[in-house]
Every structure is written in structure tokens, then in C-alpha cells.
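These notes are about the structure you will find just below.
Atom set for the values below is all heavy atoms of this structure, side chains included, hydrogens, waters and symmetry mates excluded.
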Amino acid sequence: QVQLVESGGGLVQAGDSLRLSCAPSGRTVSTYAMGWFRQAPGKEREFVAAMRWSGSRTVYGDSVRGRFTISRDNAKNTVYLQMNSLKPEDTAVYYCVADRDAAIPINYGLRFIWDYWGQGTQVTVSS
């Protein structure tokens, strides 16, 4: 079993940067595809980013492409989401996800595709 623990959320101002971390426990996820989703109040959970286990391929949601960067340090068994130029509409609970397959799932934007979910970390961006 894998438990995903997110950290790094907080309150920032528009234009600021923030880096989220996801540190799995229970077993290594160095061979898993990893990703991030987010959910804003009253909205559907939204795909943010995903990365192949090797880091050789990444995909991003349209609303964050060019501002957010997903990365991983397999030696530390940690995944990161670097968020730059934050906007108030980025306010949401951010969830780390993992899939047992090494490759990014074909339907990566679908919530039920991912095998493991963290509890989430709140990011609030004030205007």
C-alpha cells in the first residue's frame, strides 16, 4: 500500500511562487507515474500535471501549462510541483496521485485512472 503525503501549501499573493512536495510512504514510487490534481470550492477535481517514472515525459493541464512544473527526485522518493505566477484562480486543494504503471496513463485526466491519492494540501492565492 502507498500513502501519499503532500506538503508546501499555504497562502500567497498573486504573482508569487510556491512549491508543493509529495513524499510517499509505505513503499517507493520511483517506478510509478506521478501526478497532481486540484479541486477548487464548488468545482470538479481538475488534472494539473503528470510525469512518467523516469521523468522523460510530462503533461500539463491547459490552465497551468507554462507556469507549473512537475519534477521528481527518485533518490528522495519525492515529487514536486513548482507553481509560478500564481493566480487567484489557482486557489484549490492540491492532491498528489500515483499510478502503478511507469508510463503516464492514457486517460490521465480521469480521476479514477490513478491508483493512489494523497489527502491534499490547501493553496490559497490572494489578489
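- Within the structure, disulfide (SG to SG under 2.5 Å) pairs that include any residue of residues 46-83 do not occur (at least two apart or interchain).
- Taking OG of Ser71 as the start and CE of Met51 as the end, the distance is 6.0 Å to the nearest 0.5 Å.
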Listed pairs under 3.5 Å, donor-acceptor, residues 103-115 side chains, sequence neighbours left out:
residue, atom, partner, partner atom, Å
Trp114, NE1, Tyr108, O, 2.9
Asp115, OD2, Arg100, N, 2.8

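- A donor-acceptor distance shorter than 3.5 angstrom exists from the side chain of Glu6 to the backbone of Cys96, with no hydrogens or angles considered.
- For Arg57, there are no salt bridge (Lys or Arg N to Asp or Glu O under 4.0 Å) partners two or more places apart in sequence or in a different chain.
- For the ring-ring contact (aromatic ring centres under 6.0 Å, His included) test, no residue two or more places apart in sequence or in another chain qualifies with Tyr116.
- Here Ser56 pairs with Arg52, Ser54 under the side-chain contact (heavy atoms from CB on, under 4.5 Å) rule; sequence neighbours left out.
- In this structure, Val97 is not a member of the same hydrophobic cluster as Val48, with clusters built from ILVMFWY side-chain heavy atoms closer than 4.5 Å.
- A disulfide (SG to SG under 2.5 Å) check over residues 40-71, counting only residues at least two apart or in different chains, returns nothing.
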Identify all side-chain donor-acceptor contacts of residues 15-23 below 3.5 Å with residues at least two apart in sequence or on another chain.
residue, atom, partner, partner atom, Å
Asp16, OD2, Gln13, N, 3.1
Ser17, OG, Asn84, OD1, 2.9

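- Among pairs with a residue in residues 53-87, none fulfils ring-ring contact (aromatic ring centres under 6.0 Å, His included), at least two apart in sequence or across chains.
- With sequence neighbours left out, Ser85 forms a side-chain contact (heavy atoms from CB on, under 4.5 Å) with Arg67.
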Pairs of donor and acceptor atoms involving the side chains of residues 35-43, under 3.5 Å and at least two apart or interchain, shall be tabulated with distances.
residue, atom, partner, partner atom, Å
Arg38, NE, Glu46, OE1, 2.8
Arg38, NH1, Asp90, OD1, 2.8
Arg38, NH1, Tyr94, OH, 2.9
Arg38, NH2, Glu46, OE1, 3.3
Arg38, NH2, Ser63, OG, 3.1
Gln39, OE1, Arg45, NE, 3.0
Gln39, OE1, Arg45, NH2, 3.1
Gln39, NE2, Lys43, O, 3.0

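- Residue pairs meeting the disulfide (SG to SG under 2.5 Å) criterion with at least one partner in residues 45-90, sequence neighbours excluded, do not occur; the list is empty.
- By the neighbour-count criterion of 12 heavy atoms within 6.0 Å, atom CD of Gln119 is sparsely surrounded, having that number or fewer from other residues, nucleotides or ligands.
- Cluster annotation: Met34 and Val123 are assigned to the same hydrophobic cluster (Ile/Leu/Val/Met/Phe/Trp/Tyr, side-chain heavy-atom contacts under 4.5 Å, transitive).
- Partners of Ser7 under the side chain to side chain donor-acceptor pair (under 3.5 Å) rule, at least two apart in sequence or in another chain, do not exist in this structure.
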